[in-house]
Amino acid sequence: QVGLMESGGGSVQARGSLRLSCSFSNLSLRRDVCMAWFRRGPDEPGERVANISPTGAITYADHVKGRFTISKDTASKTLYLQMNNVETVDSDKYYCAAATKYIDFCPIRPYNYDVWGQGTQVTVSS
């Protein structure tokens, strides 16, 4: 049984938009936990893109601030990443992740996240 399932990746032209979704309906949780989007980067998976804590606190990587928006729909158990004004450097495989041991804040490092999706590819063309 897969805990996290991403969707919404694909090809888009620069300056366009894309929305990634991550279903966590199969994830058995007794409480809200920190969730995040990562991209592969040089290491797999390496770079945090955005995260959202159980209290709704959100942080973004500097290079996506003002362009990407992370959100979570608790009712439908879906995490989103709205990607606007995308750039060719945004091309990568994006992963949804949950840090089930963190309920007060969100860690930055990928090794603190213990549940991962399989990733969805985003390709931005110029």
Side-chain angles (χ1 to χ4, degrees):
Q1 194 176 41
V2 178
L4 300 174
M5 179 71 74
E6 302 96 337
S7 61
S11 297
V12 61
Q13 288 195 316
R15 293 178 297 282
S17 296
L18 205 62
R19 189 175 78 160
L20 306 183
S21 300
C22 171
S23 172
F24 55 94
S25 60
N26 288 331
L27 196 61
S28 298
L29 295 173
R30 292 185 220 174
R31 57 195 178 191
D32 281 342
V33 298
C34 172
M35 299 194 72
W37 288 97
F38 284 81
R39 57 182 289 178
R40 180 179 289 161
D43 304 305
E44 180 176 354
E47 299 180 3
R48 182 188 61 93
V49 176
N51 54 250
I52 182 167
S53 78
T55 61
I58 290 173
T59 59
Y60 295 99
D62 287 343
H63 66 280
V64 304
K65 283 180 182 176
R67 299 190 299 122
F68 291 7
T69 303
I70 187 172
S71 61
K72 184 172 70 175
D73 184 335
T74 303
S76 66
K77 295 190 176 182
T78 306
L79 182 74
Y80 298 101
L81 183 69
Q82 179 66 44
M83 307 169 69
N84 295 332
N85 193 24
V86 295
E87 303 168 357
T88 54
V89 294
D90 294 325
S91 295
D92 212 332
K93 194 166 187 179
Y94 286 74
Y95 298 85
C96 171
T100 63
K101 297 179 177 62
Y102 291 82
I103 60 171
D104 295 322
F105 69 96
C106 279
I108 294 177
R109 302 302 181 191
Y111 56 73
N112 291 125
Y113 289 78
D114 51 340
V115 185
W116 292 83
Q118 295 185 325
T120 185
Q121 181 68 39
V122 172
T123 303
V124 182
S125 59
S126 58

For Val124 and Ser91, the nearest pair of non-hydrogen atoms, with its separation, is N-OG, 2.7 Å

Backbone of Cys96 reached by a side-chain donor or acceptor of Glu6 within 3.5 Å:
yes

In short, Arg39 meets Asp92 closest at the heavy-atom pair NE-OD2, 2.9 Å

Nearest heavy-atom approach of Met35 to Leu4 is CE-CD2, 3.9 Å

One should read off an interatomic distance between Trp37 CH2 and Met83 CE, to the nearest 0.5 angstrom, of 9.0 Å

Cluster membership besides Phe105, Ile/Leu/Val/Met/Phe/Trp/Tyr side chains within less than 4.5 angstrom, sorted by chain and number, is Tyr102

Looking at side-chain heavy atoms only, is the closest gap between Glu87 and His63 below 4.5 Å?
-> no

Interatomic distance, CG@Leu79 vs OG@Ser71, rounded to 0.5 Å, equals 7.0 Å

For Tyr60 and Thr69, the nearest pair of non-hydrogen atoms, with its separation, is OH-CA, 3.3 Å

Note: Tyr113 and Cys34 closest approach over all heavy atoms is OH-SG, 3.3 Å

Closest heavy-atom pair, Val86 versus Phe68, reported as atoms and distance to 0.1 Å, is CG1-CE1, 4.3 Å

May I ask whether Ile108 and Tyr95 are part of the same hydrophobic cluster, defined by side-chain heavy atoms of I, L, V, M, F, W, Y residues being less than 4.5 angstrom apart, directly or through others?
-> no

Can you hop from Tyr80 to Val49 via hydrophobic side chains spaced under 4.5 Å? no

| request: Anything under 30° is parallel, anything over 60° is perpendicular, the rest tilted; go ahead and classify Phe38 against Trp116. | output: tilted

Practice item. State, without any angle test, whether Thr78 and Asp73 hold a side-chain donor-acceptor pair at a distance under 3.5 Å. Key: no

Given the rule in the side-chain contact (heavy atoms from CB on, under 4.5 Å) test, do Arg67 and Asp90 qualify, once you have shown the distances and angles that lead to the verdict? CA-CA 11 Å; Arg67 299 190 299 122; Asp90 294 325; 2.7 Å; yes

query = Would Tyr94 and Gln121 satisfy side-chain contact (heavy atoms from CB on, under 4.5 Å), going step by step from the backbone distance to the final call?
reply = CA-CA 6 Å; Tyr94 286 74; Gln121 181 68 39; over 6 Å; no

Taken to the nearest 0.5 Å, the spacing of Lys72 NZ from Asn51 CG works out to 11.0 Å

For residues 109-126, the salt bridge (Lys or Arg N to Asp or Glu O under 4.0 Å) pairs (sequence neighbours left out) are Lys101-Asp114

Output a table of donor-acceptor pairs, distance under 3.5 Å, between side-chain atoms of residues 11-22 and any protein atom two or more places apart or on a different chain; print 'none' if there are none.
from: Ser17; atom 1: OG; to: Asn84; atom 2: OD1; distance (Å): 3.0

